[in-house]
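Throughout, numbering of the chain's residues begins at 1 and tracks the sequence. From a predicted model like this one, the values you see are computed outputs, not experimental measurements.
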Amino acid sequence: MSSHNGSSNGKVVPAAFPPPVDPQKEFIKHGLDAEDELIEVGVAIVGGGTAGLACANRLLQLLGDDPETMERLGEVPVAVIEKAKTCGGHNLSGAVMRPGPLEELFPDVTREQWRKEGFAFGEVTKESVYMLTGAKTKLSVPIPAVPNFKNHGNEVVSVSALARFQQRQAEEGGAYVLTETSATQLIVEDGKVVGVRSGDKGRGKDGEPLGNFEPGTDMKAQAVVLAEGCWGHLTGAAIREFDLAAGREPQVWELGVKEVWKVTKPLDRVIHTFVQPWPLKVAAKYGQLGGTWIYPMKDEKTGDDLVSIGFVVDLNYRDATTSAHDLLQTFKTHPLVRKILEGGERIAWGAKALPGGGYWSMPKLSMPGAVLVGDAGGMVDTAALKGVHHCIKSGMLAAESIYAALKRGSSDLSDYEEAVENSSIGKELWEVRNTRQAFQKGFLVGSMLAGPSIMSKGKVPPGRQEWHRDDAEPMFVGNTKERYPKPDGKYTFDKLSSVFITGNATRDDAPNHIRVQKHVPREIAETWRWMCPAGVYEIPDDAPEKGEVDVIVNYTNCVQCGAITAKGGRLTTPEGGDGPLYPNTCPARSPAAAWAGATRPPTPCYLP
């Protein structure tokens with residue numbers, strides 16, 4: 001590969017145009033500030049999603065029975081650092097969750113109470129799987145043929161609402177939840193993680209301090225939990241600093257775009273579809289793989305019937321015009337979907353990347369003084385579209401490991417890795433360890449090998465199957481875009497109107513948090529332009545059709561999905577409070593209260 005001409009065997013690859021960023025130099029801070037200039041906390045948890053909050057709650061349960069250790073942790077025994085305006089504000093998933101870990105975490109809360117709390121919508125009793133064979137045709141796939149899609153008995157949940165429920169429980173247990181606070185540096189001293197630094201607030205476009213400037217602060221901690229989600233800002237730096245990916249397969253990524261609709265009649269089942277040969281391509285040269293979901297939900301407070309619908313696409317594709325957002329709009333034109341949504345109203349939209357490598361791509365999960373949990377550790381079963389229960393379980397296991405280390409006065413958290421391996425997380429991911437790698441050779445090859453792998457619980461094919469980096473795929477400007485419908489603003493939508501309803505409140509004069517090269521081959525620029533669900537990347541109208549072009553970065557549109565990191569760029573942490581606000585049935589705060597000080601108008605209060 002040549003970074004000079006951006007080619008691999010004569011083809012253009014995103015990896016040849018790395019982002020201008022040095023994660024270790026910029027995001028690892030060696031040494032703490034003076035004692036009178038820092039804040040001391042017991043355990044610092046970076047990320048207020050399901051994994052981080054499960055860790056906080058489990059740790060506080062253990063500390064609640066051990067007042068001596070609680071007292072030793074000081075005035076702030078557990079601090080949760082969340083960059084969004086509220087916990088769950090950046091969480092996006094219309095999930096069908098395996099209920100076991102959440103029942104284990106809160107044994108006194110019944111599933112019926114989950115629904116009354118507003119984060120759960122009912123047990124799955126019916127389900128269907130289809131293969132879309134064309135724009136108007138489909139084939140029914142029997143569930144026994146695809147056991148990975150068996151969801152009977154699982155619970156439909158809103159992850160953003162679940163996070164807010166967990167936040168309330170954690171605060172009642174004694175946690176300090178610091179929202180609108182970015183963690184911008186991991187603090188390392190003598191080879192051990194000793195804290196994190198919060199980001200500055202109130203800087204202008206060029207980094208200059210504005211009138212409301214507030215400098216960041218070192219937070220010294222006896223243990224740090226990285227629960228940032230999909231290979232977050234500090235997680236990536238920690239992986240490099242402590243060589244946590246040594247001997248592992250590279251991580252690969254997927255991008256999901258979803259909408260929530262208020263519908264005229266209730267959907268009675270969970271639906272998944274295979275989207276090849278339509279709307280994705282079968283031919284191996286396109287490198288495409290994806291799927292969809294349609295989940296029923298009901299707002300217990302209003303009585304509204306809701307539907308979560310989404311499209312997820314693997315990011316190792318080669319056709320630069322592949323767009324998860326536009327593929328979702330295309331999917332909605334199929335008669336299967338139209339009969340569900342027709343007469344309804346779109347009330348929410350969002351996008352998020354997720355780790356797709358599974359077992360072989362999981363990094364080492366501990367380092368001196370810190371651990372990785374949930375998506376930060378790559379704990380997603382993409383064969384079954386499951387990860388929420390792994391997030392919760394990993395947070396609980398991390399808490400138990402940290403508690404044991406605190407008791408013995410140690411920073412060694414390596415027993416957490418063994419606990420994960422021996423838990424439902426390790427066992428479930430091991431069984432699908434070789435299921436999806438073959439799809440990198442094309443849909444047909446992957447289809448022939450995926451079934452035996454699932455049925456044999458990973459024994460066929462044998463051994464360890466390799467992954468190839470998403471940014472090493474050669475890109476070309478293909479014709480996938482020709483299938484996309486023209487947005488009508490009522491049933492199909494463009495990207496910018498979709499971003500508007502996320503509640504994205506990034507300041508127009510905020511510093512740029514996206515790192516990409518801004519003069520790249522047309523194939524790379526087109527990749528970024530089509531891939532980004534928020535319309536962040538533009539190509540000037542007068543740019544040449546071939547050769548190198550300039551890239552315009554509209555970073556204030558960004559919904560922080562993270563996909564750019566997979567295809568040659570880097571998403572870094574924005575100022576705390578910036579980005580989307582993904583809510584779901586917000587009884588605790590009125591729209592006006594939720595949007596006090598926001599620069600954009602209120603949006604409908606729905607989005608799992």
Side-chain angles (χ1 to χ4, degrees), residues 29 31-89 105 163-189 192-201 214-228 232 234 368-371 373 395-396 398-411 413 573 576-577:
K29 180 176 184 284
L32 288 157
D33 288 348
E35 289 288 330
D36 59 349
E37 296 178 2
L38 54 77
I39 298 172
E40 288 199 41
V41 302
V43 177
I45 300 172
V46 182
T50 51
L53 289 166
C55 182
N57 277 293
R58 180 61 184 138
L59 185 55
L60 288 163
Q61 289 170 358
L62 294 167
L63 292 171
D65 295 328
D66 184 354
E68 182 181 342
T69 302
M70 174 81 91
E71 187 175 351
R72 280 199 290 110
L73 294 179
E75 294 183 8
V76 184
V78 177
V80 179
I81 303 156
E82 170 54 48
K83 67 182 185 298
K85 289 183 177 295
T86 180
C87 288
L105 179 60
R164 283 192 290 280
F165 168 76
Q166 291 177 282
Q167 177 183 354
R168 292 196 300 273
Q169 302 303 308
E171 288 176 323
E172 289 172 8
Y176 286 73
V177 180
L178 308 173
T179 56
E180 300 188 56
T181 304
S182 293
T184 57
Q185 290 182 305
L186 190 69
I187 305 174
V188 177
E189 206 167 66
K192 180 178 76 172
V193 176
V194 294
V196 298
R197 183 173 178 83
S198 65
D200 296 344
K201 300 186 79 169
E214 297 176 14
T217 305
D218 281 7
M219 298 185 194
K220 181 180 180 181
Q222 296 182 40
V224 172
V225 179
L226 296 179
E228 299 176 289
L234 300 186
V371 295
V373 297
M396 295 169 65
E400 291 163 5
S401 176
I402 289 168
Y403 175 72
L406 292 172
K407 290 287 287 182
R408 64 178 186 267
S410 171
S411 62
L413 302 172
T573 302

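- Glu82 is not listed as a side-chain neighbour of Gln167, based on a closest heavy-atom distance of 4.5 Å or more.
- At distances below 3.5 Å, not a single donor-acceptor pair connects side-chain atoms of Lys201 with backbone N or O atoms of Gly577.
- Put simply, the side chain of Thr181 gets close to the backbone of Thr179: a donor and an acceptor are under 3.5 Å apart.
- Summarising the geometry, atom CG belonging to Leu32 is positioned 5.0 Å from atom CD1 belonging to Ile187; distances are rounded to the nearest 0.5 Å.
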Donor-acceptor contacts, no H, no angles, side chain residues 40-60, under 3.5 Å, sequence neighbours left out:
unit_1 : atom_1 : unit_2 : atom_2 : d
Asn57  : OD1    : Ala170 : N      : 3.1
Asn57  : ND2    : Leu53  : O      : 2.9
Asn57  : ND2    : Gln166 : O      : 3.1
Arg58  : NE     : Glu400 : OE2    : 3.0
Arg58  : NH1    : Gln61  : OE1    : 3.1

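- Between atom CG of residue Asp200 and atom OG1 of residue Thr184 there is a gap of 7.0 Å, rounded to the nearest 0.5 Å.
- Using a distance-only test at 3.5 Å, with no hydrogens or angles considered, no donor-acceptor pair links the side chain of Glu171 to the main chain of Val177.
- Between Ile81 and Ser182, the shortest heavy-atom distance links the atoms CG2-C, 4.5 Å.
- Between atom CD1 of residue Ile39 and atom OG of residue Ser198 there is a gap of 6.5 Å, rounded to the nearest 0.5 Å.
- With a 4.5 Å cut-off on side-chain heavy atoms, Glu68 and Glu71 do not count as touching.
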Identify all side-chain donor-acceptor contacts of residues 214-222 below 3.5 Å with residues at least two apart in sequence or on another chain.
unit_1 : atom_1 : unit_2 : atom_2 : d
Asp218 : OD1    : Arg197 : NH1    : 2.8
Asp218 : OD2    : Lys29  : NZ     : 2.8
Asp218 : OD2    : Asp33  : N      : 2.8

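- The NZ atom of Lys407 lies 4.0 Å from the OG1 atom of Thr69; values are rounded to the nearest 0.5 Å.
- Between Ser411 atom OG and Ile402 atom CD1 the span is 11.5 Å, to the nearest 0.5 Å.
- When all heavy atoms are compared, the tightest approach of Ala398 to Val373 is CB-CG1, 3.6 Å.
- Partners of Lys192 under the side-chain hydrogen bond (donor to acceptor under 3.5 Å, both in side chains) rule, at least two apart in sequence or in another chain, do not exist in this structure.
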